[in-house]
**Student:** 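My questions all concern the structure below.
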There are 2 protein chains.
Amino acid sequence: MTSADPTPLSEPTSKTRLRLWLKLLKATRLVEADLRENLRTEFGTTLPRFDVMAALSQYADGLKMSELSGLLRVSNGNVTGIVERLVEDGFALREAVPGDRRASRVRLTRKGAEEFARQASEHEHWVDELLGALGPEEATGMTEQLDRILREGAQ
Amino acid sequence: MTSADPTPLSEPTSKTRLRLWLKLLKATRLVEADLRENLRTEFGTTLPRFDVMAALSQYADGLKMSELSGLLRVSNGNVTGIVERLVEDGFALREAVPGDRRASRVRLTRKGAEEFARQASEHEHWVDELLGALGPEEATGMTEQLDRILREGAQ
DNA sequence: CTTATTTATTTCAAGCTTAAAGGTTTAGGC
DNA sequence: GCCTAAACCTTTAAGCTTGAAATAAATAAG
């Protein structure tokens with residue numbers, strides 16, 4: 001059950017890439033599960049909420065709902081519910097966009113920004129530990145390779 | 001919105017690892033979204049269902065529910081619903097475990113195995129294209145690095 | 001044998017996620 | 001101005017996901 005798959009000496013490239021994909025998924029899920037658990041027990045929040053607050057924290061003037069869902073690459077209706085709950089909890093607020101009554105702009109409240117700052121600090125520390133197996137050069141190298149995948153996929 | 005973040009020449013290691021994590025997440029989600037879309041339009045199925053069938057396909061004698069959730073690293077109650085729908089559709093069946101009336105063993109039906117074979121073949125092809133930016137050596141190298149993360153995290 | 005604990009699984013409530021459909025509002029052609 | 005199309009967003013239905021509680025059966029302890 002816990003045995004590592006041996007790497008065949010020679011095989012079709014598609015198998016090699018498939019193996020990479022499965023490992024990528026496994027590692028991502030491991031890290032995600034850990035972060036989720038920590039966010040829950042330490043801050044009583046969820047990963048999606050953290051992601052939304054992280055995006056908002058980079059835009060002091062706020063973001064339109066469509067910009068938010070575009071940045072996070074999630075569906076349009078998805079952020080509606082998450083923002084709804086953040087607003088309920090006083091971490092975010094919605095402002096009217098002058099000249100466009102369809103759109104609304106979401107931004108963090110002071111309380112939300114302060115809460116996110118605390119969370120982000122711990123989050124960075126958790127990630128640092130979870131990816132501690134890789135040194136800075138390795139991490140940078142892998143980041144560049146992932147960028148190549150992203151550039152190819154987002155044509 | 002689509003601008004790539006520049007990599008500072010020098011920074012704390014935790015920032016480098018954080019950047020890697022964000023990129024890892026982004027790339028994984030890109031690939032996942034594409035696979036999900038393809039599974040939906042080509043086969044009318046979902047990623048979680050595919051994952052469960054993939055696990056079952058490796059065990060001709062079937063798996064207990066707890067073994068299944070352990071392999072997929074998802075919660076216990078989660079697989080209950082997914083297997084339920086697979087059984088409804090005639091892709092999987094549940095058998096009693098002799099000597100233990102609590103447990104049940106799930107395995108693919110012939111129909112399920114044949115359907116999965118078709119899906120898996122396409123799936124491998126999609127992955128091959130999505131990760132086409134990396135050559136075999138690079139893919140193997142990244143797989144090994146991800147393994148190091150997994151070994152460290154699963155102590 | 002009886003009780004307690006552990007194991008295997010399901011149920012539940014809450015929240016996340018998507019695609020599709022619907023409701024407004026804005027912008028563009030004519 | 002008027003009509004169509006596009007943009008912005010929410011709602012809905014279905015399914016996924018989790019953690020916690022509940023159920024039931026097997027095992028252990030006394």
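Proteins get letters first, then strands, A, B, ... in listed order; numbering begins at 1 in each. Both backbone and side-chain heavy atoms feed into the values below; hydrogens, waters and symmetry mates do not. What you are looking at is a predicted structure, and each value in this text was computed from that prediction instead of being measured.
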**Student:** For nucleotides 1-14 of chain C, give me one character per nucleotide, 5' to 3': B if any protein heavy atom sits under 4.0 Å from the base, S if the only such contacts are to the sugar-phosphate, - if neither.
**Tutor:** ------BSBBB---
**Student:** From CZ of A:Arg101 over to P of D:dT10, roughly how many Å is that when rounded to an integer?
**Tutor:** 16 Å
**Student:** Roughly how many Å is it from CG in A:Leu68 to P in D:dC8, rounded to a whole number?
**Tutor:** 14 Å
**Student:** Which residues pass the salt bridge (Lys or Arg N to Asp or Glu O under 4.0 Å) test with B:Glu84, sequence neighbours left out?
**Tutor:** none
**Student:** For DNA chain D, which residues of residues 45-57 of chain B approach it to below 4.0 angstrom with any heavy atom?
**Tutor:**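 Residues of residues 45-57 of chain B that come under 4.0 Å of DNA chain D are, in numerical order, B:Thr46, B:Pro48, B:Arg49.
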**Student:** Partners of A:Glu32 by salt bridge (Lys or Arg N to Asp or Glu O under 4.0 Å), sequence neighbours excluded?
**Tutor:**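 Scan of A:Glu32 (salt bridge (Lys or Arg N to Asp or Glu O under 4.0 Å), adjacent residues dropped) gives B:Arg29.
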**Student:** Does A:Lys15 have any salt bridge (Lys or Arg N to Asp or Glu O under 4.0 Å) partners at least two apart in sequence or in another chain, and if so, which?
**Tutor:** B:Glu124
**Student:** Sequence neighbours excluded, which residues qualify as side chain to side chain donor-acceptor pair (under 3.5 Å) partners of A:Glu115?
**Tutor:**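 Only A:Arg118, A:Gln119 meet the side chain to side chain donor-acceptor pair (under 3.5 Å) criterion with A:Glu115.
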**Student:** Enumerate the residue pairs fulfilling side chain to side chain donor-acceptor pair (under 3.5 Å) with a member in residues 127-139 of chain B, sequence neighbours excluded, ordered by first and then second residue.
**Tutor:**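 Pairs touching residues 127-139 of chain B that pass the test: A:Arg17-B:Asp128, A:Arg148-B:Glu138.
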**Student:** Taking salt bridge (Lys or Arg N to Asp or Glu O under 4.0 Å) as the definition, give me every residue that meets it alongside B:Arg49, ordered by chain and number, with sequence neighbours left out.
**Tutor:** B:Asp89
**Student:** Report the residues that fulfil side chain to side chain donor-acceptor pair (under 3.5 Å) with B:Thr143, sequence neighbours left out, ordered by chain and then residue number.
**Tutor:** none
**Student:** Tell me, please, which residues at least two apart from A:Ser57 pass side chain to side chain contact (heavy atoms under 4.5 Å, CB included).
**Tutor:**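 By the side chain to side chain contact (heavy atoms under 4.5 Å, CB included) rule, A:Ser57 matches A:Leu108, A:Phe116.
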**Student:** Near DNA chain D, which residues from residues 31-42 of chain B have a heavy atom under 4.0 Å away?
**Tutor:** none
**Student:** Is the closest side-chain heavy-atom distance between A:Leu35 and A:Leu130 below 4.5 Å?
**Tutor:**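 A:Leu35 reaches A:Leu130 side chain to side chain.
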**Student:** Applying side chain to side chain donor-acceptor pair (under 3.5 Å), can you list everything that pairs with A:Arg40, at least two apart in sequence or on another chain?
**Tutor:**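 Expected list: A:Glu37.
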